[in-house]
Amino acid sequence: MNLVLMMLIISAALSMILAIVSFWLPQMSPDTEKLSPYECGFDPLGSARLPFSLRFFLVAILFLLFDLEIALLLPLPWGNQLPDPTYTLMWTATVLVLLTLGLIYEWLQGGLEWAE
């Protein structure tokens, strides 16, 4: 059998199996929190001037920072095709080291502790 045809059959069968299984796995009785339009933990009908934790925004900014890391590392496979990929590896290592040092700093400062 042709390799391309075999890969198409395997990928189509795997996709169908995963689609069928995904209908059986979800919870069929969702609670009221999941049915509400706002899943952030704030009551949408309450006062808009209630105090909230600043840690929520810190975790959100950290999440965006590490999403930015993925966006910066996306061109890496194309950079390895250059005649001299050492610059690509140097910049990639620099980005990863800076982000790792930032994560260690946040961890040591207690910025990742959600509950006190």
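The figures that follow rest on heavy atoms only: side chains count, while hydrogens, waters and symmetry mates do not.
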Original post:
Going from CG on D84 to CG on L89, what distance comes out if it is rounded to the nearest 0.5 angstrom?
Top reply: 9.5 Å

**OP:** List the steps, then state whether side chain to side chain contact (heavy atoms under 4.5 Å, CB included) holds for L99 with L103.
**Re:** CA-CA 6 Å; L99 285 170; L103 179 64; over 6 Å; no

Under 3.5 Å, which donor-acceptor pairs do the side chains of residues 57-75 form with other protein atoms, sequence neighbours left out?
none

Subject >> CE/M7: more than 12 non-hydrogen atoms of other groups inside 6.0 Å >> reply: no

